[in-house]
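Naming: A, B, ... by sequence-line order, numbering from 1 per chain.
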Amino acid sequence: MIRNLFAALSGGIFGLGLVVSDMTNTSKVQGWLDVFGDWNPTLAFVLGGAVVPMFFAWIAARRMGRSALGSPLPQLPGPVVEPDIVIGSLMFGAGWGLSGLCPGPAIAVAGFGGWQAALFLVAMMAGMVATPGLRARLPRLSQA
Amino acid sequence: MHSDWLWGLAGGLIIGAAASLYLLVNGRIMGASGILGGLLDGTGRSSWAERASFLAGLVAVPIFAAPAVGHQTTNLTSNVAVLVISGLLVGIGTRIANGCTSGHGVCGISRLSFRGMVATSFYLLGGAAVVLVFRHLLGWI
């Protein structure tokens, strides 16, 4: 129960940060990706601002060895970069550039973004549901 | 416009605080695509309540917070084909890459993860290329 409460709190604070930084405004996100046009550097401040507390959180987590609720820390992958990371990230980036939404903001706008936000979220969730099946049909990708 | 970066920095710090809380209290990585995707494809069944709680907070707070800070404009396109295709690309791409801007970007870069940095480089590259082609060459977005 406490665990779910803190999960809801984390999600809520994440949502607050996304609207404060205006990452739910697709024209700012597309402006950041518009390197050859009217470039908007806001996203660099968002990512930079988010990385700093998290850098110290990782140090604290290593010292604690366990989470405050006693569960083990997440299992972290090694430095190996599978082709999946590159192929998937290029696909994700293409969708991000087209729409101006990545998964966090896509969920955060669900409650106030109208039918456009709802349709994007449904399509994104459909893609997530379809991915295990797609991976199975593309054996080279999943072996890689 | 000139204050965009201040809102960005403030919001970024809040996002970092959320990720820190989720890591230090729950022992989890705050990756939006992983939390939602694991709930949808069944891989996160054992932690479904924790995932659903996180998502409930993420949907509920912006409903009040966005108008409070005057950031309720999304400027999302009304082009149905673009919404569906981009949504599918984001959903499939983030699950194949095993992470998005929050998981690979915020949580990966902050622990100096090479994987996170490679993923971030490639989704930025993909996004910049698409904006270049579709905005400046085709004029569609």
Side-chain angles (χ1 to χ4, degrees), chain A residues 4 6-8 10-17 19-22 26-27 33-35 42 45-46 49-51 53-55 57-58 67-68 71 74 79 81 85-86 88-99 102-104 107-108 110-111 113 116 119-120 123-124 127-129 131-132, chain B residues 4-5 8-9 11-16 18-23 25 27 29 32-33 37 40-41 49-50 53-54 57-59 61-63 65-66 71 74-76 83-84 86-97 100-102 106 110-111 114 118-119 122-123 126-128 130-131:
Chain A
N4 298 337
F6 274 99
S10 304
I13 297 171
F14 182 34
L16 176 69
V19 294
V20 166
S21 57
D22 216 9
T26 58
S27 54
L33 293 171
D34 195 2
V35 183
T42 304
F45 288 94
V46 181
V51 161
M54 203 43 198
F55 176 80
W58 280 116
S67 78
S71 50
V81 178
I85 299 240
V86 173
S89 293
L90 283 172
M91 287 177 73
F92 159 42
W96 191 34
L98 267 181
S99 60
C102 54
I107 301 162
Q116 294 92 337
L119 180 59
F120 181 91
M124 184 178 92
M128 288 176 165
V129 172
T131 303
Chain B
D4 274 9
W5 68 271
L9 185 62
L13 288 167
I14 299 173
I15 294 168
S20 303
L21 186 71
Y22 206 44
L23 176 69
V25 177
I29 290 180
S33 59
L40 292 172
D41 67 17
E50 189 176 22
S53 305
F54 180 92
L58 178 53
V59 171
V61 168
I63 296 175
H71 284 172
T74 65
N75 289 312
L76 252 178
L83 286 168
V84 170
S86 57
L88 285 171
L89 280 169
V90 170
I92 296 167
T94 53
R95 291 305 279 158
I96 287 179
C100 58
T101 337
S102 44
V106 175
S110 60
R111 70 175 183 95
F114 183 60
V118 169
F122 278 96
Y123 62 68
V130 160
V131 170

Please report the closest heavy-atom contact between [X] and [Y], naming both atoms and the distance.
{"X": "S20(B)", "Y": "A57(A)", "result": "OG-CB, 3.4 Å"}
{"X": "V51(A)", "Y": "V106(B)", "result": "CG2-O, 4.1 Å"}
{"X": "V19(A)", "Y": "P62(B)", "result": "CG1-CB, 3.8 Å"}
{"X": "G91(B)", "Y": "M128(A)", "result": "O-CG, 3.6 Å"}
{"X": "V25(B)", "Y": "S67(A)", "result": "O-OG, 3.2 Å"}
{"X": "F55(A)", "Y": "S110(B)", "result": "CD1-O, 3.3 Å"}

Looking at [atom1] of [X] and [atom2] of [Y], how far apart are the two atoms once the value is rounded to the nearest 0.5 Å?
{"X": "M91(A)", "Y": "L88(B)", "atom1": "CE", "atom2": "CG", "value": "9.0 Å"}
{"X": "I13(A)", "Y": "I14(B)", "atom1": "CD1", "atom2": "CD1", "value": "9.0 Å"}
{"X": "S10(A)", "Y": "I15(B)", "atom1": "OG", "atom2": "CD1", "value": "13.0 Å"}
{"X": "N75(B)", "Y": "T26(A)", "atom1": "CG", "atom2": "OG1", "value": "5.0 Å"}
{"X": "L90(A)", "Y": "L89(B)", "atom1": "CG", "atom2": "CG", "value": "11.0 Å"}
{"X": "N4(A)", "Y": "S53(B)", "atom1": "CG", "atom2": "OG", "value": "3.5 Å"}

Take the angle between the ring planes of W96(A) and Y123(B) and call it parallel below 30°, perpendicular above 60°, tilted in between.
-> perpendicular
Of the listed S89(A), G97(A), A94(A), the one with the largest count of heavy-atom pairs under 4.5 Å with chain B is S89(A)
Sort out for me which of G15(A), G93(A), S71(A) touches chain B most, counting heavy-atom pairs under 4.5 Å.
-> G93(A)
Any side-chain heavy-atom pair from I96(B) and T131(A) closer than 4.5 angstrom?
-> yes
Do the side chains of F92(A) and T101(B) get nearer than 4.5 Å, heavy atoms only?
-> yes
Does T42(A) reach the main-chain N or O of G8(B) with its side chain, forming a donor-acceptor pair under 3.5 Å?
-> no
For the candidates [options], which exhibits the highest count of non-hydrogen atom pairs separated by less than 4.5 Å from chain A?
{"options": "G126(B), G57(B), G87(B), A128(B)", "answer": "G87(B)"}
{"options": "D41(B), T74(B), L9(B), T94(B)", "answer": "T74(B)"}
{"options": "A65(B), A49(B), G11(B)", "answer": "G11(B)"}
{"options": "G16(B), S86(B), A18(B)", "answer": "S86(B)"}
{"options": "A32(B), A119(B), G27(B)", "answer": "G27(B)"}

Side chain from CB out, backbone as N, CA, C, O: work out which of these in S27(A) comes under 4.5 Å of a heavy atom of chain B, or both, or neither.
-> both
Does the pair M124(A) and I92(B) meet the rule for a side chain to side chain contact (heavy atoms under 4.5 Å, CB included), with working shown?
-> CA-CA 7 Å; M124(A) 184 178 92; I92(B) 296 167; over 6 Å; no
Intermediate values then yes/no, side chain to side chain contact (heavy atoms under 4.5 Å, CB included), F122(B) and I85(A) | CA-CA 9 Å; F122(B) 278 96; I85(A) 299 240; over 6 Å; no
Pair V90(B)-F120(A), side chain to side chain contact (heavy atoms under 4.5 Å, CB included): steps then yes or no | CA-CA 9 Å; V90(B) 170; F120(A) 181 91; 3.9 Å; yes
Intermediate values then yes/no, side chain to side chain contact (heavy atoms under 4.5 Å, CB included), F14(A) and F54(B) | CA-CA 9 Å; F14(A) 182 34; F54(B) 180 92; 3.7 Å; yes
